[in-house]
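The structure appears right after this line, and notes come after that.
Just so we're on the same page: letters track the sequence lines, and every chain starts at 1.
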Amino acid sequence: MNSKLSVEEISKFQESILSWYEKNARVLPWRKTSNPYHVWISEVMLQQTQVNTVLPYYDKFVKTYPTIQDFAFDSEDKVLKMWEGLGYYSRVRNFQAGCRQVIEQFGGEVPRDKKQLLSIKGVGDYTAGALLSICYNIPTPAVDGNVFRIYGRLFEVEDDISKAKSKAVYESLVNETMSQSNAREFNQALMDLGATVCLYKNPKCVECPVNQFCSANKNNTIEKFPVKLGKTKVKDVHLLTVVLKTDTNKYLIQKRPSSGLLSNFYMFLSFESDTPFRNQPKFLEDNIPFKVNMKKECLGNVKHVFSHLKWNLDVYSGTVKEKTIRKDKTYSVITETQMKKYAFPVPYQKVWKMYLKSKGLKK
DNA sequence: AATTCGGGGGA
DNA sequence: TCCCCAGAATT
């Protein structure tokens, strides 16, 4: 697809975007650095995650791991704890693997070549483009949700953005229209324009510096673009979970498997099913591989929504003698104080809060 | 090409 | 509720 803009129009389009950015750029911590590793951290955190959510994580991460060597070889438990609550945890595992690659293959320096960047774990088309343009001012498209909205509306792109093929269409549009001399600010301007003006709902077209170029604005078809047809189906999952306290005043937790959802996070003993459980306390007693003393009353219900499924946890409590716990590498017995050293996914943080609340009520 | 990966925020 | 977010890897 072609933008159908003349050379002169493209030049004016770029000037409009860049001068808007000069006045309206958001002040963000990763814009105060020229350290490619720090920019890379921000790009990974910002995948599918809004700026405000990322801010505290970015600060903490940079303070804890100021150099790529500090981060690349720390333990997975600590790395996951650092990322706890941010979601999409394979991002940080891939990022760490990618950092090791950069150290071993590229002398510790983020490469300036797209093909080399794409060979790095966790770096895809978007991140490669963002790093090349932001770190090195090399003109490369960085097609994200912002670009889908801005260019989808500018040129009334009919391609369905949920299809992988459409990304190439958008990349060619950006390639044709982006600033060649100031790719660094041009791409970041698109991000800010998408985040503050070209919004998904109720875009502020009156404030848009390129509204005179926008076909959807002209034809009053803003709400039709970008085109997205994919439907989201969310599966319901039922879980039983039990907070087990030992006779030694500690708690039993379990490490999740090393693959799949929330891999290598910690949790309370849990059982999962597509259909609701029956006789829940008995089910727990029968299926835990050592003797436990279950309380019959359910502490409550925790709901948690992921992108592709919905968890519904029934929370129980019980006691167990530490010596009777079957040896298993996945189990740990820890004190209440130690809990905050282990990475728990948000649904289990909710479970723990519910347990503490119920304990407080009884006293 | 479609699915799997988290969690929070806005309307 | 529904859809989105500075997406990438796996199936």
Under 4.0 Å, heavy atom to any atom of DNA chain C: which of residues 183-197 of chain A qualify? A:M191

Could you check whether A:R93 gets within reach of a base, just the sugar-phosphate, or nothing at all, counting any heavy atom under 4.0 Å? nothing

Between CZ of A:R100 and CZ of A:F71, what distance do you get to the nearest 0.5 Å? 8.0 Å

With a 6.0 Å cut-off on ring centres, are A:F271 and A:F277 close enough? no

A:L46, A:L132: one ILVMFWY side-chain cluster at the under-4.5 Å cut-off? yes

Just to be sure I understand the rule, does A:P347 reach a base, reach only the sugar-phosphate, or reach nothing, if contact means heavy atoms closer than 4.0 Å? sugar-phosphate

Within residues 79-86 of chain A: residues closer than 4.0 Å to DNA chain B (heavy atoms): A:G85, A:L86

Do A:D144 side-chain atoms and A:Y126 backbone N/O form a donor-acceptor pair below 3.5 Å? no

How long is the gap from CD on A:Q96 to CH2 on A:W83, to the nearest 0.5 Å? 11.0 Å

Do you know the tightest heavy-atom contact between A:F213 and A:S16? CE1-OG, 4.3 Å

Neighbours of DNA chain B within residues 42-74 of chain A, by heavy-atom distance under 4.0 Å: A:Q48, A:T49, A:Q50

If I pick the P atom on C:dA8 and the same atom on B:dG8, what distance separates them, to the nearest angstrom? 22 Å

Counting the atoms with a prime plus P, OP1 and OP2 as sugar-phosphate, which does A:Y200 contact under 4.0 Å by heavy atoms, base, sugar-phosphate, or nothing? sugar-phosphate

Residues within residues 151-179 of chain A bordering DNA chain C, heavy-atom distance below 4.0 Å: none

Please classify the nucleic acid contact of A:G124 as base, sugar-phosphate, or nothing, using heavy-atom distances under 4.0 Å. sugar-phosphate

Which whole-number value in Å describes the distance from A:L309 CG to B:dC5 P? 8 Å

Indicate the ring-plane relationship of A:Y348 and A:W311, choosing parallel, tilted or perpendicular according to the 30° and 60° boundaries. perpendicular

Does any non-hydrogen side-chain atom of A:V197 lie less than 4.5 Å from one of A:W20? yes

Using the ring pair (Phe, Tyr, Trp, His ring centres under 6.0 Å) definition, which of the options A:F268, A:Y355, A:F344, A:Y266 pairs with A:Y251? A:Y355

Heavy atoms only, 4.0 Å cut-off, all strands: where does A:W40 land among base, sugar-phosphate and nothing? nothing

Worked verdict on A:K235 versus A:D274 for salt bridge (charged side-chain N to carboxylate O under 4.0 Å, His left out): CA-CA 9 Å; A:K235 200 174 104 183; A:D274 290 340; 3.8 Å; yes

Between A:D70 and A:Y65, which heavy-atom pair has the shortest distance, and what is it? O-CD2, 3.5 Å

Would you write out the dot-bracket form of DNA chain B, 5' to 3', with Watson-Crick and G-U pairs under 3.5 Å, [ ] for crossing pairs, | for pairs to other strands and . for unpaired bases? |||||.|||||

Which nucleotide span of DNA chain C, 5' end to 3' end, has atoms closer than 4.0 Å to non-hydrogen atoms of chain A? C:dC3 to C:dT10

Using modelled atom types and a 3.5 Å cut-off, is there a donor and acceptor pairing between side-chain atoms of A:Q188 and backbone atoms of A:R184? yes

Which heavy-atom pair separates A:S317 from A:M294 by the least distance, and what is that distance? O-CE, 3.8 Å

Reckon A:G260 touches a base, only the sugar-phosphate, or nothing at all at heavy-atom distances under 4.0 Å? sugar-phosphate

Between A:K233 (NZ) and B:dT4 (C1'), how many Å, whole number? 11 Å

Evaluate whether atom NZ of A:K245 has more than 12 neighbouring non-hydrogen atoms of other residues, nucleotides or ligands under 6.0 angstrom away. yes

Counting the atoms with a prime plus P, OP1 and OP2 as sugar-phosphate, which does A:F306 contact under 4.0 Å by heavy atoms, base, sugar-phosphate, or nothing? sugar-phosphate

Taken to the nearest whole Å, CG/A:L229 to C1'/B:dA2 is 15 Å

Quick one: A:H304 NE2 to B:dG8 C1', roughly how many Å, whole number? 9 Å

Closest to side chain of A:N202, choosing from B:dG7, B:dT4, B:dA11: B:dA11

Quick one: do the A:S162 and A:D160 side chains pair a donor with an acceptor below 3.5 Å? yes

How are the rings of A:F155 and A:Y151 set to each other: parallel, tilted or perpendicular (split at 30° and 60°)? tilted

Whole-Å distance separating the CH2 atom of A:W311 from the C1' atom of B:dG8: 17 Å

Reckon A:L118 touches a base, only the sugar-phosphate, or nothing at all at heavy-atom distances under 4.0 Å? nothing

Roughly how many Å apart are B:dT3 and C:dC3, using the P atom of each and rounding to a whole number? 16 Å

Does A:H308 have a side-chain nitrogen or oxygen under 4.0 Å from the phosphate oxygens OP1 or OP2 of B:dC5? yes

Nearest to the A:K201 side chain among B:dT3, B:dA11, B:dG8, which nucleotide is it? B:dA11

May I ask whether A:L18 and A:V174 are part of the same hydrophobic cluster, defined by side-chain heavy atoms of I, L, V, M, F, W, Y residues being less than 4.5 angstrom apart, directly or through others? yes

Can you tell me how far P in C:dA6 sits from the matching atom in B:dT4, rounded to whole Å? 24 Å

Would you please indicate if the ring centroids of A:W40 and A:Y37 are separated by under 6.0 Å? no

Starting from the 5' end of DNA chain C, give me the residue, A:R26 or A:N94, whose nearest nucleotide shows up first. A:R26

Hphob cluster co-occupancy, A:I138 + A:V102, side-chain heavy atoms under 4.5 angstrom: yes

Exactly one of A:R256, A:E76, A:R93 should register a side-chain hydrogen bond (donor to acceptor under 3.5 Å, both in side chains) with A:S263. Which one does? A:R93

